[in-house]
There are 2 protein chains.
Amino acid sequence: MATPESGATLESVASAAGVSRQTVSNVLNAPERVAPETRERVEQAIRALRYRPNRSARSLRTRMSNLLGYCVQPAAAGNLNPVLDRFVHAVTESAAEHGFHVLLFTAPAGSAGLDRYAELLAQRAVDGFVLADTVVADPRPGWLTEQGVPFVAFGRSWSGPDRGRWVDVDGAAGMTEAVEHLHALGHRRIAFIGWPEGSGVGDDRVAGYTAACLRLGLDPRIVRAEGGAGTGRALAGTLLDGPEPPTALVCVSDESAYGALRALADRGLRPGEDVAVVGFDDTPAARLPGVDLTSLSQPIEQIGREVVQMLLGLLGVVELPPGPEHRLLRPTLAVRASSRPAGPAPAAPTEA
Amino acid sequence: MATPESGATLESVASAAGVSRQTVSNVLNAPERVAPETRERVEQAIRALRYRPNRSARSLRTRMSNLLGYCVQPAAAGNLNPVLDRFVHAVTESAAEHGFHVLLFTAPAGSAGLDRYAELLAQRAVDGFVLADTVVADPRPGWLTEQGVPFVAFGRSWSGPDRGRWVDVDGAAGMTEAVEHLHALGHRRIAFIGWPEGSGVGDDRVAGYTAACLRLGLDPRIVRAEGGAGTGRALAGTLLDGPEPPTALVCVSDESAYGALRALADRGLRPGEDVAVVGFDDTPAARLPGVDLTSLSQPIEQIGREVVQMLLGLLGVVELPPGPEHRLLRPTLAVRASSRPAGPAPAAPTEA
DNA sequence: AACCCGCTTTTGATCGTTCAACACGTCAAG
DNA sequence: CTTGACGTGTTGAACGATCAAAAGCGGGTT
C-alpha cells in the first residue's frame with residue numbers, strides 16, 4: 001500500500017473508488033459529467049494510488065500521441081547562435097501546458113529527409129510537426145500540406161507559394177529600425193554587409209535596409225558575399241578603405257558584424273565612436289565586455305509559444321487563433337556600445 | 001489502392017500476404033522464426049502497404065515506449081556554450097539507430113522538478129532518462145536510483161556517493177594538457193583564473209592545473225571569483241598589474257578567457273605573444289577572427305553516443321558495455337593564436 | 001399505470017500489437 | 001511404435017484506455 005510501484009490503472013482506481021472504469025475516465029476527461037460527490041471520491045482514489053493514465057493506451061484508442069515532432073539539425077560547426085536552446089525550450093514549455101511533449105528526431109536535409117517524417121506519421125508517433133531551419137525551396141511545407149499533416153514552421157517558405165502556417169521574425173522591420181537608430185545618431189553614410197542574393201533571410205533583411213535608406217533619403221550601399229566573420233571582415237575592410245567610407249555598418253548577422261568589428265580594430269578605428277556597427281541575432285557573444293555589439297534580438301521564446309499555439313489549434317486541442325495563417329514578429333534592437341559614443345558608461349549593462 | 005492513407009495494420013498486411021497476424025509480427029521482431037519463403041511474401045506485403053507498426057499499440061503491449069526522456073533547461077541568458085545543440089543531436093541520432101527517440105520535457109531545478117520525472121514514469125511515457133546539467137547535490141541521480149529507473153548522466157555527481165552511471169569530460173586532464181602545452185612553449189609563470197570552490201566542475205579543472213604545475217615544478221597561482229567574462233577581465237587585470245605578472249593564463253571557461261583577452265587588450269598586450277591565454281569549452285566564438293582563443297574542446301558527440309549506449313544497455317536493448325559504470329573522456333586542446341606566437345600564420349585555420 | 005425526460009453511471013466493443021499456448025507435420029532417439 | 005523435440009504457423013487473451021450505446025433512476029406528464 002505504501003509503495004504504489006507505478007502500477008495503478010483505471011480499473012484499479014475504479015474498484016478502489018467503487019465505481020466503473022468509465023466513470024474514472026470521465027472524471028479525467030469530462031468532469032462535468034460526473035456528480036460532484038462521486039468525482040470527489042474518485043479523485044481521492046486517484047491521489048491515493050498516484051494514478052496517471054497510461055499514455056500508450058490512451059494514444060492507441062484516441063489516435064493521438066500528444067507528441068509534436070521536431071527535427072534537430074546537426075549544429076553547424078561555427079554556429080554562434082544557440083537558437084535550439086531557447087526555441088526548443090519555449091516550445092517544450094508551451095506544449096507541456098496542454099499535455100503535449102516534444103519528440104526529437106533527426107533527418108537528412110532536403111527531400112531525402114521526408115522519409116523520416118513519413119515514418120513517424122505511419123507509426124502514429126506524432127500528431128504534427130514543428131519545423132525550424134526552413135530554407136529556400138524547403139520541400140517539407142509542401143509535402144506536409146499535401147499529406148494533410150498538421151505543422152507550423154518557424155520561418156516562412158521563401159520560395160513558391162506559402163504552404164501552411166508559419167511564424168517568423170520580421171527581419172526587414174528590424175533592419176529598418178537599425179537604420180533609423182543610426183540615422184538618429186547622425187550617421188548619413190550607412191552601408192550594408194550582406195549575403196549573396198537568394199538566401200531568403202538575407203534578402204528580407206537587406207530589403208528593410210534599402211527601404212529605410214530610401215525613406216530617409218540615404219544612398220543604399222550594399223556589399224555581399226558568402227560566409228561568416230571572415231567574410232564580414234573582408235567586406236568591411238574594402239568599404240572602410242574605399243572612397244567615402246561609411247560611418248556605420250549594418251550587418252546581416254552577428255557573425256558578419258564580428259568580422260566588421262575586427263576590420264575596425266585592424267585599422268585602429270573605435271566601434272561606436274569612429275564607426276558604428278549593428279548586427280542581427282543578438283548572439284550571446286554580443287554582450288561580452290569589449291565586444292558590446294548592438295544587435296537585433298529575435299523574440300525566440302514568443303515565436304516558440306505562437307508556433308505551439310497555432311499547431312495545437314490545428315490539432316483541435318485549443319481554439320485556433322482567429323488571426324491570419326502567418327505571424328511576423330518584430331525583433332527588438334539591443335543598443336550597446338558599438339553604435340553609441342562611449343560617453344560616461346551608463347551603468348554597465350554588459351553582464352548580469 | 002494507390003493511396004495507402006497510412007492505414008495499414010498487422011491484420012491488413014497479414015491478409016494481404018495470406019498469413020496470420022502473428023506471423024507478420026514475427027517477420028518484424030523475430031525473422032529467424034519465419035520460413036524464408038513466407039518471410040519474403042510478408043515483406044512484400046509490408047512494402048506494398050507501406051506498413052509501419054503502430055507505436056502506441058506496441059508500447060501498450062510491450063510496456064516499452066522506446067522513448068528516452070531529456071529535460072531541457074532554460075538557456076541561461078549569457079550562455080556562450082551551445083552544448084545542448086550538439087549533445088542533444090548526438091543523443092537523438094544514436095538513439096535512432098535502435099528505434100528510440102528523445103522526448104523533451106521541462107522541469108524546475110532541484111527536487112521540485114522530480115515530480116515531472118515521476119509523472120512521465122507513471123504515464124509510462126519514457127523508458128529511461130538522459131540527464132544533463134548535473135549540479136552539485138543534484139537530487140536526481142539518487143532519486144532515480146531509488147526508484148529503480150534506468151538513467152545515464154552527462155556529468156558525474158559531484159557530491160555524495162556516485163549513484164548510477166555517467167559519462168563526463170576529464171576536466172583535470174584537459175587542464176593538465178593546457179599547462180603542459182604552455183610549459184612546452186617556454187612559459188614558467190602560468191596562473192589560473194577560476195570559480196570559487198565548491199562548483200564541482202571548477203574544482204576538477206583547477207585540480208588538473210595544480211597537479212600539472214607541481215609535476216613541472218611550477219608555482220601554482222590561482223585566483224577565483226564568481227561570474228563570467230566580466231569577472232575574468234577583473235581577475236586577469238589584477239594578475240597582470242601585480243608583481244611578477246604571469247606570462248600565461250589558464251581559464252576555467254571560455255567566458256573567463258574572453259574576459260582575460262579583454263584585460264590584455266586594455267593594457268595593450270598581445271595574446272599569444274606577450275601573454276598566452278587558454279580557455280575551456282571551445283565555444284564557437286573562440287574561432288572568430290581576432291579572437292583565436294586556444295581552448296579545450298569537449299567531445300560532446302562522443303559523450304552523447306556513449307550515454308545512449310549505456311542507457312540502452314541498461315534497458316536491455318543492446319549489450320551493456322562491459323566497462324565500468326563511469327566513463328571519463330579527455331577533451332582535446334584546440335591550439336590557436338592566443339597561445340602561439342603569431343609567426344607566419346600557418347594556413348588560416350580560423351574559418352572553414 | 002405507462003411513458004418520457006434528463007442526469008448519472010455502467011457495459012460491451014474496440015484501438016493494434018505482442019505474449020502464451022497450442023496445433024501440425026516431420027524427424028531422430030529410445 | 002512410441003516419445004519427445006523441433007520448425008512453422010495459428011489462435012485466444014491480454015495490455016489500458018476511450019467510444020458508443022444502453023441501463024438505472026428519480027420525477028413529472030399524460
Side-chain angles (χ1 to χ4, degrees), chain A residues 4-43 45-46 49-67 99 120-125 127 316-317, chain B residues 4-43 45-46 49-66 99 121-125 127 316-317:
Chain A
E5 287 290 336
S6 86
T9 70
L10 260 195
E11 201 74 57
S12 65
V13 172
S15 76
V19 295
S20 70
R21 290 190 311 263
Q22 186 62 33
T23 301
V24 180
S25 175
N26 285 337
V27 168
L28 294 170
N29 301 315
E32 74 283 0
R33 289 189 172 184
V34 181
E37 186 193 317
T38 318
R39 192 192 312 167
E40 179 55 34
R41 198 151 31 97
V42 171
E43 279 168 349
I46 289 178
L49 298 176
R50 289 215 171 69
Y51 167 74
R52 298 285 166 202
N54 180 308
R55 267 185 123 94
S56 306
R58 173 177 276 178
S59 297
L60 176 59
R61 184 64 237 223
T62 62
R63 297 161 164 286
M64 284 223 113
S65 64
N66 283 20
L67 291 175
L120 288 169
L121 291 167
Q123 297 179 145
R124 294 193 174 286
D127 297 331
V317 177
Chain B
E5 288 288 340
S6 84
T9 70
L10 261 195
E11 202 73 56
S12 66
V13 172
S15 77
V19 295
S20 70
R21 289 190 313 262
Q22 187 62 33
T23 302
V24 180
S25 175
N26 285 338
V27 168
L28 294 170
N29 302 316
E32 74 283 358
R33 289 190 172 186
V34 181
E37 186 192 317
T38 318
R39 192 192 312 167
E40 178 55 33
R41 196 152 32 98
V42 171
E43 279 168 349
I46 288 177
L49 298 176
R50 289 213 173 69
Y51 168 74
R52 299 283 167 204
N54 181 308
R55 270 186 120 94
S56 307
R58 173 176 276 179
S59 299
L60 176 59
R61 186 63 239 225
T62 63
R63 297 159 166 287
M64 284 224 110
S65 64
N66 282 18
L121 291 167
Q123 295 180 144
R124 296 192 172 284
D127 296 331
V317 176

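Here the structure is a predicted model, which means the values were calculated and not measured. Chain naming here is simple, since letters A, B, ... match the order of the sequence lines and numbering starts at 1 in each.
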Pick base, sugar-phosphate or nothing for [X], based on heavy-atom distances below 4.0 Å to the nucleic acid.
X       : value
A/Arg21 : base
B/Thr9  : sugar-phosphate
A/Ser56 : nothing
A/Thr62 : sugar-phosphate

For [X] and [N], give me the distance from atom [atom1] to atom [atom2], rounded to whole Å.
X        : N      : atom1 : atom2 : answer
B/Glu11  : C/dT17 : CD    : P     : 9 Å
A/Asn26  : D/dA17 : CG    : P     : 14 Å
A/Ile46  : D/dA17 : CD1   : P     : 10 Å
B/Arg124 : D/dG16 : CZ    : P     : 7 Å
A/Arg58  : C/dT14 : CZ    : C1'   : 17 Å
A/Leu10  : C/dT9  : CG    : P     : 16 Å
B/Glu32  : D/dC6  : CD    : C1'   : 14 Å
B/Arg33  : D/dG7  : CZ    : C1'   : 11 Å

Tell me whether the side-chain N/O atoms of [X] come closer than 4.0 Å to OP1 or OP2 in [N].
X       : N      : result
A/Thr23 : C/dT10 : yes
A/Ser25 : D/dT18 : yes
A/Ser59 : D/dA17 : no
B/Asn29 : C/dT18 : yes

What heavy-atom pair brings A/Asp127 and A/Arg63 nearest, and what distance separates the two atoms? OD1-O, 4.4 Å
Of the non-hydrogen atoms in B/Arg39 and B/Pro31, which two are nearest, and what is the gap between them? NH2-O, 3.3 Å
So which one's nearest nucleotide on DNA chain D is more toward 5', B/Arg39 or B/Leu60? B/Arg39
Residue whose nearest DNA chain D nucleotide is more 5′ - B/Ala57 or B/Ser20: B/Ser20
Sub-4.5 Å side-chain heavy-atom contact between B/Val19 and B/Val42: yes
How about B/Ile46 and B/Leu28: do any of their side-chain heavy atoms sit closer than 4.5 Å? yes
Nearest-nucleotide pick for A/Arg63, side chain only, options being D/dT11, C/dG16, D/dG16: C/dG16
Looking only at side-chain atoms of B/Gln22, point me to the closest of C/dT10, D/dT10, C/dT14. D/dT10
Would the distance check show the side chain of B/Ser12 and the main-chain N or O of B/Ala8 forming a donor-acceptor pair, the cut-off being under 3.5 Å? no
Ignoring hydrogens and angles, are the base of D/dT18 and the side chain of A/Arg61 linked by a donor-acceptor pair under 3.5 Å? yes
In degrees, rounded to 10°, what is the bend between the two ends of the helix from C/dA1-D/dT30 to C/dG30-D/dC1, using five pairs at each? 70°
Closest-nucleotide ordering on DNA chain C, the 5'-leading residue of B/Leu28 and A/Val34: A/Val34
